[in-house]
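Below: one structure, written as structure tokens.
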Amino acid sequence: MTGTAASPVLLDARAKEARLVAWLRAQRSVLLGFSGGVDSAYLGCVAVAVLGPERVLAVIGRSPSYPASQWAAARAVAERFGLRVLEVDTHEMDDPNYAANPANRCYFCKSELWTVLGTIARERGIATILDGTNADDLREVRPGRRAGAERGVHSPLARVGLTKAEIRLLSEERGIPTWSHPSSPCLSSRLPYGTEVTIARLQQVERAERALRLLGVRGDLRVRYHGDLARVEVPAAEVSAWLTSGRMKAMRMAVQSAGFARVAIDLRGFRSGSLNVLAGVANA
Amino acid sequence: MSDALLEQRLGAMGIQAHVESLGRMAVARVTDWAVLADVTVRDAAVAAAAELGFVTLALELEDDDAGRAPLPGC
């Protein structure tokens, strides 16, 4: 448990959680789009606690843009908290609108995901479909939200105003291991808009990030794809620690082993959505 | 974007660099990169890049054995 139980921040988060519990209790059964990230893991665990395992189905949409490490985290959480999981393949890569990687790429991905999950929900008589959108997400550039809204997907975490920080706090309180996991958006987010999304490029990025994790990079990490150049973002507070001859060489070799010819470390450190800024669709 | 202008600005801070712009990103090859471990120097370099329109500044991790040409003026 973090801090003291009387912390105003925790009390506020608990009040929001109480509203979430009340909302969930009013549902007959729910299908959750489940990635195993901080938000959907928390929502799934609360849903199971409220509705019981028989009335909650967590569906993982698997595709080349879904990191293997994230899949492992999802399965581990599900097993520990009694979350029923169904895995389905999604085929957003086959959609030329997605593969072309426009600024609203996420819309096409989520359209595919929610179409597949909507079919599953209808077949199983599940009336309510949920995603893990949180209150912070509402302030960011998230084209994928529209796809969910068009298909009647509910976002109860955002509905009750839970922020990412609060979800982490409540997750820790419930013993959900994802409370401390870094955010892990899909691998396509490492490719600048307009750069075609291919399986080979996604695998290259995933190999590079895996190699850097093995080197000891903790917390937020992104390998941004810029053709033959990889731009590595590590937490800003850790940039200085990587600027030694030995660690720079290790970082370069790790990333080059994934197939990049050139490697650069971003001197600003990790920023969520930094490629949005480069593309001019978000502010620096 | 001006690679040369950023090189001048960095040079004025004592950072000898060769800058290559990739869109709105600047990638720098720096001889004495160790100075960038100082967060104050690093922040100043990033700020200089931002003033010239670059949204970020990245330090290229060079292969010492690659036999690249030395930086101009180095």
Side-chain angles (χ1 to χ4, degrees), chain A residues 191-195 208 211-212 215 222-257 260-284, chain B residues 1-3 5-7 9-71 74:
Chain A
L191 276 57
Y193 296 130
T195 298
L212 290 172
L215 267 188
R222 301 288 186 275
V223 171
R224 309 289 189 185
Y225 179 98
H226 298 280
D228 68 343
L229 174 81
R231 177 169 54 89
V232 179
E233 293 180 1
V234 299
E238 296 185 15
V239 171
S240 291
W242 282 97
L243 296 183
T244 68
S245 179
R247 297 194 85 190
M248 286 166 64
K249 182 176 183 180
M251 174 177 279
R252 176 177 54 76
M253 293 180 71
V255 177
Q256 285 179 334
S257 73
F260 288 98
R262 301 168 62 197
V263 185
I265 184 170
D266 194 302
L267 295 177
R268 291 185 65 185
F270 167 76
R271 284 102 59 220
S272 176
S274 75
L275 286 175
N276 287 340
V277 176
L278 279 174
V281 298
N283 295 323
Chain B
M1 307 298 168
S2 173
D3 308 2
L5 270 179
L6 181 54
E7 288 173 1
R9 296 287 298 275
L10 295 175
M13 297 176 196
I15 303 169
Q16 297 303 313
H18 174 72
V19 173
E20 173 190 359
S21 59
L22 293 175
R24 301 177 70 199
M25 170 176 69
V27 179
R29 291 167 54 201
V30 179
T31 307
D32 185 18
W33 46 263
V35 296
L36 293 167
D38 181 330
V39 69
T40 306
V41 175
R42 193 164 68 242
D43 285 351
V46 169
E51 286 173 11
L52 294 171
F54 293 105
V55 296
T56 197
L57 175 62
L59 170 67
E60 183 159 0
L61 310 181
E62 296 192 85
D63 182 352
D64 295 336
D65 304 322
R68 288 186 175 174
L71 298 183
C74 298

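In what follows, chains are A, B, ... by sequence order, proteins preceding strands, each numbered from 1.
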All pairs passing side-chain hydrogen bond (donor to acceptor under 3.5 Å, both in side chains) where residues 46-55 of chain B contributes a residue, at least two apart | B:Arg9-B:Glu51

Which atom names give the shortest non-hydrogen contact between A:Arg271 and B:Val55, and what distance separates them?
-> NH2-O, 4.1 Å

List the atom of A:Ser240, the atom of B:Val39, and the distance in Å for their closest heavy-atom pair.
-> OG-N, 4.4 Å

If you take all heavy atoms of B:Val46 and A:Arg268, which pair is closest and at what distance?
-> CG1-CG, 3.4 Å

Contact origin within A:Ala236 toward chain B - heavy atom pairs under 4.5 Å | backbone

From the options A:Arg252, A:Arg262, A:Arg231, select the one residue that forms a side-chain hydrogen bond (donor to acceptor under 3.5 Å, both in side chains) with B:Glu60.
-> A:Arg262

Between B:Leu22 and chain A, which part of the residue has a heavy atom less than 4.5 Å away: side chain, backbone, both or neither?
-> side chain

What residue in A:Ala230, A:Ala264, A:Gly227 has the most heavy-atom pairs under 4.5 Å with chain B?
-> A:Ala264

Full working for side chain to side chain contact (heavy atoms under 4.5 Å, CB included) between A:Leu243 and B:Leu59 = CA-CA 10 Å; A:Leu243 296 183; B:Leu59 170 67; 3.8 Å; yes

Is A:Met253 atom CE crowded by more than 12 heavy atoms from other residues, nucleotides or ligands, each under 6.0 Å away?
-> no

Between B:Glu20 and A:Leu229, is any pair of side-chain heavy atoms under 4.5 Å apart?
-> no

Residue, of B:Leu36, B:Asp38, B:Thr56, that accumulates the most heavy atom pairs under 4.5 Å with chain A | B:Thr56

